[in-house]
Structure formats: C-alpha cells, structure tokens
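Everything on this sheet refers to the single structure shown next.
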Amino acid sequence: MTSHSSLPPMAQVRQLPCDGDGVCMLCKVKPSDEDNLSCKTCATPWHLNCLTSRPETIASALQWECPDCTSLSLDLPPATASGGASDDLIAKIREIEADASLTERQKAKMRQELMMRGNACLDGDEKDHKRKRGKEEEMNVGRGGGSNDVLDLLDGSLNCSFCMQLPERPVTTPCGHNFCLKCFQKWVGQGKRTCAKCRCSIPSKMASQPRINSTLVVAIRMAKVSKSIGSGGPSKVYHFVHNRNRPDKAYTTERAQRSGKANAASGKIFVTISPDHFGPIPAENDPERNQGVLVGECWEDRLECRQWGAHFPHVAGIAGQSNYGAQSVALSGGYQDDEDHGEWFLYTGSGGRDLSGNRRTNKDQSFDQKFEKLNQALQVSCLKGYPVRVVRSHKEKRSSYAPEKGVRYDGVYRIEKCWRKVGIQGFKVCRYLFVRCDNEPAPWTSDEHGDRPRPLPVISELKKATEITERKDCPLWDFDEEECCWKWKKPPPPSRKRVATGKSEDIKRSRNAMRRAQNMSVREKLLKEFSCLICRQVMTLPITTPCAHNFCKLCLEDAFAGKTFVRERSRGGRMLRSQKNVMNCPSCPTDISDFLQNPQVNRELMEVIESLKSKTEEENGNCIESSEETDGNEDGDPSSASAEADIENSEITGVVDGVQTLNKSKPKRSREHRKIDIGESSLGAERLKEGNDSPSSPLHMQSDDDFQ
DNA sequence: GGGCCCGCAGGG
DNA sequence: CCCTGCGGGCCC
C-alpha cells in the first residue's frame, strides 16, 4: 500500500489541515492558492507543502482525498461483507458532491451527517437527538429570510461542526469550539481526543465529564424565543434566571451567624407554600418577587435552597411522608447507583446504611433498602402520578447535567416506575425512574418550550428487578393536549401542614431591573447574557473554561496576574511543594491550571458578540454603553448588589491556600482598555513572551496527548 | 480530598 | 422522644 492511510497513526496525527482562516495548523502559514489543496470528499483545505504524501499530477490533485478521509475506513468498525460500509459511505459522499442541485453548505451538512452516522448503531438518546435535529432543520427551512435576525446571527457562528446546527446542550472545548453534548460525546466515544475543529487535544476530564455551557444555552433559547414571537408564533414569555435578580444573601438566624453554617439553623422560608406542597412553586406563593421559583434558579447550598421551598430537608435527599407522597428529591451524588440523563434519571432510595454515632453520611451500605418511610413516599408519588420537584447539586460529579456550583432547581418530574434490585455495593436498593414533565424548559436545553410527553426509556436493569411498581390509574399531574401544558388533572392532595412562613421583611429588591429588562431589545438582552463573570461587562475576548464559565481573556489574566503559582501545603509539620500548580476558576472551585497553560478565545462566541454589538450600536448609537454605566452605579439595583456578592464569593472560592486571589483593589478596566487586538496570542503565549523564568509564568507542562 | 464532628429538621 | 438524613466547616 502506498497511500497515506497505511501510515502509522502517529504519522497521521502529524498531518493537520488549515484552520477556519485558511492558516495551516502545522506550519502556521497561510498557503498561497497554488499550495492550497482541497479534499474532494470533505472539501477541507490543506497545505500542500506540509503533506507527507502529495499528489503527483494535476489530475490526481483534483481527485485528492485528505488524510482524515482516507483514514475514515480505519475508524469504522469492520465491515460486514467485503467492500463494506466504509466504501459505501465514501460512495455516498461522492454522490453528494456530484449533486449539482445542492449548495456548498447543504453538501457540507449532508457530508457531516453521513460522517456522524457512520455505520454504528444509535442508542435511544442518540436517536432522539437525531430526530430532534431533523425537526429543527425543518423549522429552519420555514424560518426564511430575516437577515437582521439574532437567531441567524448565532446560527452562522456558533454551529456545532458535527450536525451543523446550533448546539443542543452546548459544550465548549478548552480551544474555544462549541459542540452539542451528544455530538461531542459520540466523538470522544470513538476514542477521539482532539477537537474536531482545530485538532487541539481534549483534556481527559473534558472528555469524560463535559459540562454544559449554560451561557450559550440561555442565549440560544432567548434568540429562538424572540424569533418565534417575531414570526407570530407562541407569544409565551419565558423567564431567564439571572443571578443578578436573586436576593443578595440568604437569610440566616442570629444563632446561625454565631455558629457558622455548619451548625446553622435554617433561615427564614421566603415562599408561602406548605412543606407538603406538590409541584412547581407559583408566583402567588412568592410574595417577595411575585415570580415563583423558576427552573434554573441556583442557590449556594441546601440551606438556601430550602429557604425557597424547592427542597425542604437540609440533609435528606427525599422530602415526603410515607403514606402521603414525596414532594421533592435532591441529586447530589450520594448514591453510586444513580444515573443521570437530564430529562430522565434513575434515583436510589435512602437507607441501608449504618449511621450510628456521629456518622451522618456513611457511604457504605450494610443492609437492604425497603419500600418504607421516604422510599415508600416516593412509591406513593409514583402510583398517584404526582409531580416531584428535582434539585441537582454540584456534588454530583458524574453527571453532565449537574450545576458546577451550588444547588439548582430543575423543574418537576414524574416517577414512572419503581423497583428493587441489587445495587453496586451488593445490597438491595430501591430504584425510581424519574421522567421530566415541566412546562418550563430544562436549564440545559435551548428549547423554547417545556417537556412534551415522551416514550419511556428502556431500562435494562428491570430484567433483574423485583417488586416492580407501575401506575395503573391516570396520573394526577398530566399533559393536557388541548392546553398544551402539564397540569393537575384532578386536585392535588390536601395539605396536612401549615405554611411555615411569616411575612419576610429581610429581602428588599427593586423591580426596576426587571422592568428595564422588559424594555430591552433581544439583542441587548443577549449581550447581557454574554457578560464576563468577573467584570460583569459584555465579554471582549470570551474564554470558556473547562468548567463552562465564561470570562474576558483580560479579566482572567488579571485574576491570576503576579501570583505565585507553586502550591504549598503543610503536611505532618513539613511544608510540601506540590509538583502540579493548582489554580481555581474564579467562579467555582475547579482547578483550571492545565487550561490556563494555553487558554483559547472562543472565537465563535466572539464573532456573535461583535455582530450583536455593532448591530445594536448601529441602531441605538451609544445607548448600550450609557445604560451599562448607569446600571452599575444605581443604588438598590439588585444586579450590582448581587454582582458584588458574586465577586465576593469568587474571592473565597478562587483562593488556593491564600496564594491566589482576585485583586479586588484593582480598578475596573475601562472599556477603552478592553479594546485590544484579538491576535492569535493566547494567555499562555503572552506569558511566554514575558519570559519563562518570571514568577508569574505558569509552568509549561506537556500533556501526554499533546503532540505539538 | 477524606474523615470527623457538629447541629438541625422532620418522620414516625 | 428517638432515629434518620445525598450538609457543611474544619482539621489533617
């Protein structure tokens, strides 16, 4: 064999195409037209001089196939018959290429879809994803023109390079490229550890635990909603949860303040629901804000979550009464058997552990769980079809759907089935299948609408299950086809408890921000979503951390500027200097030191922000600039107050052994200051220029799979 | 990061 | 009144 597909894998890895700007990713030079070679299969441009094997004639150059496409057959599972699926696939791709009725973009899309499909079987989730993408595509066709439209703007820049559509559950790689969670997972599932767009390596943590970039989720949904309203579609107004609209500080009792949160009495309950209230918490039970508890609302911890009524017990995972039903559950990684798929998950009951003495959280199971007490309460909710509120905690590390920080309300679910099986630890556990049934979209989806009834997932462990409980009667909480929403089909069970709250005087919030938000154009609202978590202004050079937080490049630089990065810990009376530096994300306790070696600007996002800005400025002159100025200075404005609080938080969580701190005294960067060049240089590269020996320069560690 | 210790709330 | 519980701070 003489073709480069026979080269060893490493040799192929050394071959890289040109990036989106046409610059060769190997030699970093933009090839001239003569040196630019396009693959006939995927149309990617390559630098002729950097190829290990070049076509010899002009004719063969026209028929040239890039190393990625020729190695395609290597990636695919062995074909069933000789010739097989890979040949078939390539034949199909050629067919697409030859079709003169298609535009280049359509061709690219179809090529990508074929590549994604491969000849592997799709699991249920994936089929769902494909179906959904297909549907969206139909809708997009109907969308038509509107060149000035924000959705088109996002659509052009942020598309997932696998399915060529706006990313569903977007995840962002450290190199700054955005993909659908499913597409990304499929890619890494094939053993790929480089970015599909730029071939940068993907850290193993990102590959195994990708986090959803909620900034993008909200932005995409907002754009979609604005579009459907604009086109005379549903005019329902969806809430977008902004941290700045939340109360500044959770209420704590005097005693709690004395003894600290570990021993805190829970604070005042802000909502007027009884502790055995089922279902969402509506606006009429939220006298302070008059908006109810919204899907996506986040709290610092379980105590604060309790104060807003989403989940009352401050330790237990299940709220309920054995003969009455369960109102809410918390997913916080306490049980290994849990399995989270976002819209549905498998939950494990409580009990089976020895909690005698001082042990409150023994993780080891030492006897079987039974359908009694709180486990029975969940069973009642299953049989009756009650809505069960679900909160997810950052402590659940294995789920892509867990928040990076604190506790988040994710809406109501119904328990469709429950059973008992032998758990991972060898003792019997109670198991529950939760399926989402909320009128508001989940925090991780860009859908404009909430859930629709969906077929139940196939649960393989049911084969070995005992005591399977399924609902026989109609569920009390169900989807109304006429009204197109979830509602009580029969009245909920009467409350047996009193409302545990008085009138709260502790929280004073202005509604100005909300009113102002209502008057803002979609573009301005979107721009607000793209705020840096440090400076609170629209990001100039957006950077997405592996923990899915977004910052200006310069703010992130500032946050770590002039700091000593060697981590010291005392152990056994001696000071130990650890090999690896630890630098925490300013927004959460994730160590982003590896990422900081070479953080990449999210150029796709930057493009969107720039277009939004220029279009808004075109229309409003300097309105945005001035409104932002007043925003920050206005007294009593929850946005500014909460922003301060968040910065305060980041100073606590962002510190590692007191070595790294955000420089609070540093004056806020002026907007002029922020307008700097968008050159190729990354944070790491700039640091490099300062000199490797400078104390501020992070160690340059070479990761194993970093081939450059 | 793991273990220990603590207090609190709610079910029964 | 006792038991249970997917917390949280702090120390090592």
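Per chain, numbering begins at 1; letters A, B, ... match sequence-line order. Just so it is clear, the structure is predicted and the values come from calculations on it, not from any experiment.
- Put simply, A:K373 has no side-chain N or O that comes within less than 4.0 Å of OP1 or OP2 on C:dT4.
- Considering only the side chain of A:R306, B:dA9 comes nearest among B:dG12, B:dA9, C:dC6.
- Contacts of A:S393 with the nucleic acid, taken as non-hydrogen atoms under 4.0 Å apart, are absent.
- For the OP1/OP2 pair of C:dC6 and a distance below 4.0 Å, the side-chain nitrogens and oxygens of A:T348 include no atom meeting the criterion.
- Across all strands, A:L331 comes closer than 4.0 Å to base atoms (heavy-atom distances).
- Two residues are said to be in side-chain contact when any heavy atoms from C-beta on lie closer than 4.5 Å; A:D276 and A:Q327 meet this criterion.
- Using the six-membered ring where Trp is involved, A:F278 and A:Y386 have ring planes that are tilted, between 30° and 60° apart.
- Side-chain proximity of A:K497 to B:dG11, C:dG5, C:dG8: nearest is B:dG11.
- Ring pair A:Y347/A:F345 is perpendicular by interplanar angle, where above 60° counts as perpendicular and below 30° as parallel.
- Within the 4.0 angstrom heavy-atom criterion, base atoms lie near A:Y347.
- Base pairing of C:dG5 is made with B:dC8, judged by Watson-Crick or G-U wobble geometry with both donor-acceptor distances under 3.5 Å.
- Considering A:E339, A:E416, A:E470, A:R414 as possible partners of A:L433, the one that fulfils the side chain to side chain contact (heavy atoms under 4.5 Å, CB included) test is A:E416.
- Of the candidate nucleotides B:dG12, B:dG11, C:dC6, C:dC6 has the atom nearest to the side chain of A:S332.
- When each of A:S350 and A:D301 is assigned the nucleotide of DNA chain C with its nearest heavy atom, A:S350 is the one assigned upstream, toward the 5' end.
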